[in-house]
Amino acid sequence: MRCTVRGRSGIVAGVSGDGAIQWRAVTAEDGAGWARLLLAVEESYGTQDIVGAEDLVEDLRDPYVDPERGTIAAFSEGSMIAYAGLRASPGATGRHEMDLHGAVHPSQRGRG
């Protein structure tokens, strides 16, 4: 199955599996599902760093985050199964710092 990211020309993801995958930017309404995804990831690593939905939504409000252009998430059957986000902040020396983060649900890893 190949999924084109709607509204983002040139971004195509190869996804294997039977279900349809929807791709879109992360929104404040995704906070609870995003927190569940991160909890599953932490549990798979044997750690228990718990991040609350409110904290994640607050991160989207960071002035150095552009949720519409700087985040993307994959959803299957209404659940967030992967995400990536970018924070770009200017440095005092004229250099920009870029922080790219993301995660894939343990049940979805290795699928392309």
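Just the heavy atoms: all of them, side chains too, but no hydrogens, waters or symmetry mates, feed the values below. Please read all numbers here as calculations on a predicted model, not as lab measurements.
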Between CD on residue Gln22 and CD1 on residue Ile81, distance to nearest 0.5 Å: 9.0 Å

Any donor-acceptor N/O pair, Thr71 side chain to Ala25 backbone, under 3.5 Å: no

Asp30 side chain vs Thr27 backbone, donor-acceptor pair below 3.5 Å: yes

From CA spacing to verdict: side chain to side chain contact (heavy atoms under 4.5 Å, CB included), Leu38, Leu56: CA-CA 10 Å; Leu38 292 179; Leu56 294 168; 3.7 Å; yes

Any donor-acceptor pair under 3.5 Å from Ser44 side chain to Pro106 backbone: no

Tyr83 and His101 aromatic ring geometry - parallel, tilted or perpendicular at 30°/60° bounds: tilted

Smallest separation among heavy atoms of Ala73 and Met80, with atom names: CB-CE, 4.0 Å

His105 side, atom NE2; Leu37 side, atom CG - distance, nearest 0.5 Å: 6.5 Å

Beyond-backbone contact of Ile50 with Leu39, side-chain heavy atoms, under 4.5 angstrom: yes

Nearest atoms (heavy-atom pairs only) where Pro67 meets Leu60: CG-O, 3.4 Å

Members sharing Met98's hydrophobic cluster (side chains within less than 4.5 Å): Leu86, Leu100

Listed partners of Asp99 passing salt bridge (charged side-chain N to carboxylate O under 4.0 Å, His left out), at least two apart: Arg87

Minimum-distance pair of heavy atoms, taken over all atoms of Arg109 and Val41: NH2-CG1, 3.7 Å

